[in-house]
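Everything on this sheet refers to the single structure shown next.
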Amino acid sequence: MGYTDDLEPSPPDYEPHAHDLARCKAKKGTQWTRYISKPLQDGAVIVQSRGKEIILAAGYHAIRCHLGLEGIITHVRRTDYERIIAQDTPGSSANKGKAEKMLSFIIPPDLTIPEARHKWEGQHVEIFAAIVGQRDVFFLTDFSRMVRIDIMSLDRHWRQEDLEPGSLLWRHIWDSARGPDWTYEQASAEQVLDAFVDE
C-alpha cells in the first residue's frame with residue numbers, strides 16, 4: 001500500500017532484540033525483518049473489530065489479527081510490561097530448537113494470581129504483538145498459539161476513517177476470502193447465505 005523503508009530510517013545505533021533477529025533469520029521469518037530492525041514511528045492508536053478479527057493501527061502500520069480459539073488482547077501498565085518482557089524463556093516444546101522459537105515471557109510473581117493453577121511452575125505469557133504507549137500497553141496473547149497476524153503498511157499514518165466500513169481501504173483490509181460480516185455488511189451476508197441455501 002505504498003510503504004517504503006525510507007519512511008522510517010533506522011538509527012545507526014539501534015539494536016533489535018536478539019531473539020527477534022534470530023527469528024527473522026529463519027526461512028519463514030524474513031518477512032518480519034523490516035519491522036523489527038528499526039524503531040517504528042509513534043501514532044494515534046486506531047482499532048476496529050470485524051467478527052473474530054481485529055485490526056490495530058498506529059503510525060504507518062496496522063496489524064490484522066484473527067484471534068483463533070483463545071486469542072485475547074490484554075492491557076497492562078507500561079512499567080509492568082517492561083518487567084514481563086525482561087525475562088524470556090524457551091517455549092514448552094520437548095524439541096530444543098522448536099522451544100527456542102516458541103519464546104515466552106515470565107510473569108513476575110507479584111503480577112500473578114495466587115490461586116492460579118500450576119503457580120509452582122512459574123507463570124508465563126506468549127506475546128505476539130504489542131501496542132506500546134507511554135503509560136499503557138495492549139498486547140496480543142494466546143497460550144494455544146493459534147492467532148494469525150497480517151501486517152499492513154501505508155505510505156502515510158493510518159486514520160480512523162480508514163477503518164470505517166465502506167472506506168476506500170475496507171475491501172483491502174477485509175478481502176473477499178473472509179466473506180461479508182453480519183454486523184457491518186448484513187445485506188451482503190444475507191445474499192451469501194441465500195446462495196448457500198439454494199445450492
Quiz prompt | Test side chain to side chain donor-acceptor pair (under 3.5 Å) applied to Asp136 and Arg77, His75, Arg78, the passing residue | solution = His75
Quiz item: In Å, rounded to the nearest 0.5 Å, how long is the span from CD of Gln160 to CG of Leu163?
Solution: 6.0 Å
Self-check item: Close side-chain approach of Ile84 to Ile106, heavy-atom, < 4.5 Å
Solution: no
Quiz item: Under a 4.5 Å cut-off applied to non-hydrogen side-chain atoms, are Ile149 and Leu140 in contact?
Solution: yes
Self-check item: Sequence-distant partners of Lys38, salt bridge (charged side-chain N to carboxylate O under 4.0 Å, His left out), two or more places apart
Solution: Asp5
Quiz item: Between Tyr184 and Trp174, does the ring centroid distance fall short of 6.0 Å?
Solution: no
Quiz item: For Asp181, what residues pass the salt bridge (charged side-chain N to carboxylate O under 4.0 Å, His left out) criterion, not counting sequence neighbours?
Solution: none
Quiz prompt | Arg145/Asp142 salt bridge by N-O under 4.0 Å criterion | solution = no
Quiz item: Between Val132 and Ile107, is there a shared hydrophobic cluster once you connect ILVMFWY residues whose side-chain heavy atoms come closer than 4.5 Å?
Solution: yes
Exercise. Indicate yes or no: at least one non-hydrogen side-chain atom of Arg156 is less than 4.5 angstrom from one of Asp162.
Key: yes
Quiz prompt | Pro39 vs Pro11 side-chain heavy atoms within contact, under 4.5 Å | solution = yes
Quiz item: So Arg50 and Glu185, salt bridge (Lys or Arg N to Asp or Glu O under 4.0 Å) or not? Walk me through it.
Solution: CA-CA 10 Å; Arg50 184 179 185 270; Glu185 302 145 333; 2.6 Å; yes
Quiz prompt | Option from Leu56, Ile73, Ile55, Val147 for which side-chain contact (heavy atoms from CB on, under 4.5 Å) with Cys65 holds | solution = Leu56
Self-check item: Distance (rounded to the nearest 0.5 Å) between Asp150 CG and Arg64 CZ
Solution: 4.0 Å
Quiz item: Of all heavy-atom pairs between Ala62 and Ala57, which one has the smallest distance, and what is that distance?
Solution: CB-CB, 3.7 Å
Quiz item: Which is it for Ser153 and Ile151 under the side chain to side chain contact (heavy atoms under 4.5 Å, CB included) test, yes or no, and what are the steps along the way?
Solution: CA-CA 7 Å; Ser153 304; Ile151 299 178; 4.1 Å; yes
Quiz item: Which atoms form the tightest heavy-atom contact between Leu7 and Asp155, and what is the distance?
Solution: CD1-CA, 3.8 Å
Quiz item: Same cluster for Trp158 and Trp170 if Ile/Leu/Val/Met/Phe/Trp/Tyr side chains link at under 4.5 Å?
Solution: yes
Quiz prompt | ring pair (Phe, Tyr, Trp, His ring centres under 6.0 Å) against Phe105, all qualifying residues, sequence neighbours excluded | solution = none
Practice problem: Establish whether Tyr81 and Phe143 are linked, either directly or via other cluster members, by ILVMFWY side-chain heavy-atom contacts under 4.5 Å. | Solution: no
Quiz item: For Tyr14, does the OH atom have more than 12 heavy-atom neighbours from other residues, nucleotides or ligands under 6.0 Å away?
Solution: yes
Quiz prompt | Interatomic spacing from NE2 in His124 to OG1 in Thr141 - rounded to 0.5 Å | solution = 9.0 Å
Quiz item: Is Phe138 close to Thr74 at the side-chain level, that is, under 4.5 Å between some pair of heavy atoms?
Solution: no
Exercise. Hey, could you give me the CG/NE2 distance between Leu69 and His66, rounded to the nearest 0.5 Å?
Key: 9.0 Å
Quiz item: Going only through I, L, V, M, F, W and Y residues with side-chain contacts under 4.5 Å, is there a path from Leu154 to Met152?
Solution: yes
Quiz item: In terms of hydrophobic clusters joined by side-chain contacts under 4.5 Å, are Ile72 and Val125 together?
Solution: no
Quiz item: Of all heavy-atom pairs between Thr112 and Pro109, which one has the smallest distance, and what is that distance?
Solution: OG1-O, 2.7 Å
Quiz item: Can you find a pair of side-chain heavy atoms, one from Ser167 and one from Glu161, that are under 4.5 Å apart?
Solution: no
Self-check item: Side-chain heavy-atom pair Gln186, Pro180 within 4.5 angstrom cut-off
Solution: no
Quiz item: Does Glu126 offer a backbone N or O that forms a donor-acceptor pair with the side chain of Ser104 under 3.5 Å?
Solution: no
Quiz item: For Gln41, does its backbone N or O pair with a side-chain atom of Glu8 as donor and acceptor, under 3.5 Å?
Solution: yes
Quiz item: Can you tell me how far CG of Leu67 sits from CE of Met146, rounded to the nearest 0.5 angstrom?
Solution: 12.0 Å
Quiz item: Are the side chains of Val137 and Ile131 in touch, meaning some heavy atoms are under 4.5 Å apart?
Solution: no
